[in-house]
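Some notes on the structure that comes next.
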Amino acid sequence: MSKIKNILGVSASLAKAGFKLRNEGSYIGIFWYLLEPLLMFMILLGLQRIINAEIPSYPLYLLLGLIMFNFFSNSTSQAINVISGKVKFIKSMKIPQEALVISALLQTTFSHIFEIILLGVFMTYYGSSFLGMLFYPLIFIFLFIFSLGISLILATLGVFITDMNNVWRVLTRLLWFATPIFYTVKETGLTKVMAFNPLYYFITAGRDFVIYQRFDMIFFIYLALISMASLILGLWIFERYKNKFAEAV
Amino acid sequence: MERIKANRVSKKFNIRIKRKGILGRLLFLLSDEKEENMEIEVLKEISISVNSGEILGLIGRNGSGKSTLLRVLAGIYQADSGEIKMNGEPVYLAGLNNGLEDKLTMRENIFLVSSLLGLGQKDIKQKFDEIVAFSELKDYLDVKLSKFSSGMISRLAFSISVFCVSHKNPDILLLDEVFSSGGDKRFQEKSLKKMEELIKGGAAVILVSHDLDLIQKYCNRCILIEKGIMKKEGLPKEVTKYYLDSLK
């Protein structure tokens with residue numbers, strides 16, 4: 001138990017330092033976090049007529065899909081280098097290596113919070129109810145655990161495969177199009193294929209609760225199962241290989 | 001009480017291991033060619049034992065395996081064969097500048113590095129003033145480290161490491177070339193005294209150093225390692241003399 005506490009403490013310190021390093025101490029740096037999703041949002045919104053999507057509350061549907069996917073792709077792509085990029089560090093200090101992965105996710109969580117605030121602004125603008133927002137933290141915890149599992153796997157692969165970040169960049173790009181972010185599953189007729197895309201469940205749950213106030217509690221069972229499976233697999237792989245990291249990097 | 005026990009510990013490194021790209025790895029799986037093993041034995045059946053209150057010196061030329069042995073004992077590397085029994089939680093220090101971030105302020109660095117050394121937030125707050133006072137850098141608390149001189153950085157690094165380690169009151173201390181603080185003469189004397197306090201505090205200590213005077217002054221026993229083999233073990237005076245003669 002005290003070991004877990006230590007890991008979380010180190011993760012938080014590393015995340016705090018990383019956040020400060022990225023923003024050089026100024027909070028204006030947060031603006032840059034928001035710029036990318038905001039631009040993407042506006043471009044896709046402008047393309048709405050071409051896509052011909054008739055989706056209720058389309059702007060909110062789009063924005064929430066974008067920022068949830070962003071959390072997953074940003075945290076996982078950062079995780080690839082957290083071990084392999086810190087050679088000197090892990091050879092000369094005995095720190096819990098899980099903390100390096102968790103701190104990457106915590107940093108992405110900071111920016112995710114700002115993106116959610118941005119969503120809140122748009123929800124106010126469109127007069128949407130905030131009731132469903134109460135469930136979002138729970139959905140996010142599952143998304144966090146799911147991303148943590150994948151990140152642990154990627155951090156391990158990143159130690160042994162030099163160009164893992166290139167591979168993952170291509171894969172996340174494919175996943176971006178394979179996830180209903182700017183379209184609906186109905187339009188594609190690929191409902192069965194979508195059942196294999198874990199992110200589909202997270203994003204759909206997020207939208208159903210936050211935007212449409214459809215409180216279908218069965219979602220939480222799906223999310224719990226998917227995120228736990230990911231975490232268990234991730235931990236299993238990471239713990240198995242972590243003793244070899246210091247030598248392999 | 002026996003704190004550190006290593007029995008016939010060996011360690012090999014495969015220096016041919018290249019971190020390959022994914023295509024290289026896949027092609028390699030498909031082809032029949034066998035990867036050539038180029039293993040070098042860095043440690044060969046090393047056996048040591050250190051009791052609490054004892055200070056063991058490790059000497060030897062560069063690349064002889066001293067640091068590898070400490071890393072194996074600390075659990076950073078895994079031994080290939082042999083047995084290691086550590087009776088207590090080891091604290092491993094290799095160099096003092098680890099974890100410091102140039103672009104963070106001194107205050108932020110103290111929190112970061114202390115946390116990496118395993119202290120909780122409460123403990124850090126408690127130790128903070130002592131660290132700052134010892135480093136004598138109070139006026140620079142909110143200055144980024146990139147503006148520090150190298151002497152100032154050494155002073156800060158030394159203060160953080162020593163106070164954090166002594167706060168943990170470890171049973172086992174593994175120190176790799178951390179004795180010299182690198183500050184000015186007066187600070188060096190002060191830090192030497194502090195370090196003395198730390199290693200004489202009753203822990204089982206292994207000290208890796210090229211400073212033979214230091215080894216003679218502080219160690220109860222000394223081991224000479226040469227190409228991964230324990231060449232000689234005995235009183236510091238004898239072993240250092242043997243080592244110096246062998247260099248001629």
Side-chain angles (χ1 to χ4, degrees), chain A residues 2-3 5-26 80-81 83-97 99-100 103 154 157-171 240-249, chain B residues 11-15 17-26 42 67-68 70-80 89-105 108-124 142 144 161 174 176-178:
Chain A
S2 75
K3 206 181 157 205
K5 208 178 145 198
N6 179 29
I7 291 177
L8 291 179
V10 176
S11 311
S13 298
L14 280 169
K16 219 160 118 189
F19 186 77
K20 280 178 183 152
L21 283 171
R22 249 178 88 182
N23 300 305
E24 294 264 344
S26 95
I80 297 170
N81 294 323
I83 305 285
S84 59
K86 298 238 165 185
V87 186
K88 214 185 146 234
F89 209 53
I90 60 171
K91 278 192 183 182
S92 52
M93 276 184 128
K94 178 102 176 118
I95 52 165
Q97 296 176 345
L100 291 168
S103 81
L154 288 169
L157 288 173
V159 173
F160 299 102
I161 298 170
T162 37
D163 50 3
M164 196 57 216
N165 39 4
N166 292 332
V167 177
W168 191 243
R169 198 179 311 140
V170 176
L171 286 179
R240 216 176 138 173
Y241 287 103
K242 74 172 182 185
N243 288 334
K244 302 208 165 76
F245 289 167
E247 273 170 60
V249 289
Chain B
K11 177 76 199 162
K12 285 183 193 138
F13 281 131
N14 191 346
I15 51 172
I17 289 186
K18 277 193 211 129
R19 290 178 64 227
K20 286 186 182 138
I22 192 151
L23 290 176
R25 280 191 181 268
L26 289 176
V42 204
S67 297
T68 306
L70 277 203
R71 283 184 186 148
V72 170
L73 293 175
I76 291 174
Y77 292 158
Q78 301 298 300
D80 292 326
E89 187 63 28
V91 167
Y92 168 71
L93 271 185
L96 295 167
N97 289 11
N98 298 313
L100 289 175
E101 289 285 353
D102 260 2
K103 288 193 170 160
L104 293 181
T105 65
E108 290 161 347
N109 267 297
I110 294 179
F111 274 91
L112 174 63
V113 176
S114 305
S115 162
L116 291 177
L117 288 169
L119 265 66
Q121 292 294 309
K122 232 196 249 163
D123 298 334
I124 301 173
D142 294 302
K144 283 184 184 169
S161 303
L174 308 169
D176 195 344
E177 291 286 0
V178 289

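Just so you know, these numbers come straight off a predicted model, no measurement behind them. We use all heavy atoms of the structure for the numbers below, so side chains are in, but hydrogens, waters and symmetry mates are not. Here is the naming used below: chain letters follow the sequence lines, and residue numbers restart at 1 for every chain.
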side-chain contact (heavy atoms from CB on, under 4.5 Å) assessment of A:K16 paired with B:L112: CA-CA 9 Å; A:K16 219 160 118 189; B:L112 174 63; over 6 Å; no

Residue pair A:L21, B:L104: steps toward the side-chain contact (heavy atoms from CB on, under 4.5 Å) verdict: CA-CA 7 Å; A:L21 283 171; B:L104 293 181; 3.9 Å; yes

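Within a 6.0 Å sphere centred on CZ of A:F89, other residues, nucleotides and ligands contribute more than 12 heavy atoms.
With rounding to the nearest 0.5 angstrom, the CG atom of B:N98 is 12.5 Å from the CD1 atom of A:I90. Rounding to the nearest 0.5 angstrom, the gap separating the NZ atom in A:K94 from the CD atom in B:E89 is 7.5 Å. Summarising the geometry, atom CE belonging to A:M93 is positioned 10.0 Å from atom CD1 belonging to B:I76; distances are rounded to the nearest 0.5 Å. With rounding to the nearest 0.5 angstrom, the CG atom of A:N166 is 10.5 Å from the CD1 atom of B:I22. Annotation: the span from B:L116 atom CG to A:I95 atom CD1 amounts to 5.5 Å, rounded to 0.5 Å.
Taking chain B as the reference chain and counting heavy-atom pairs below 4.5 Å, the highest number among A:K86, A:M164, A:K91 is found for A:K91. When A:P96, A:A12, A:S13 are compared by the number of non-hydrogen pairs under 4.5 Å with chain B, A:S13 comes out ahead. When the candidates B:Y92, B:Y77, B:F111 are compared by the number of heavy-atom contacts under 4.5 Å with chain A, B:Y77 comes out ahead. Between chain A and the residues B:S115, B:A94, B:G75, the most heavy-atom pairs under 4.5 angstrom are made by B:S115.
Contacts of A:K242 with chain B are absent, with no heavy-atom separation under 4.5 Å from either backbone or side chain. Interface remark: B:E101 contributes side-chain atoms only to the contact with chain A (heavy atom separation under 4.5 Å). Contact annotation for A:V167: only side-chain heavy atoms (C-beta onward) come within less than 4.5 Å of a heavy atom of chain B. For A:N243, the parts lying near chain B are the backbone and the side chain together; criterion is any non-hydrogen pair under 4.5 Å. Within the 4.5 angstrom heavy-atom criterion, atoms from both the backbone and the side chain of A:L14 approach chain B.
Contact record, A:E247 with B:Q78: OE2-N, 3.9 Å, taken as the closest heavy-atom pair.
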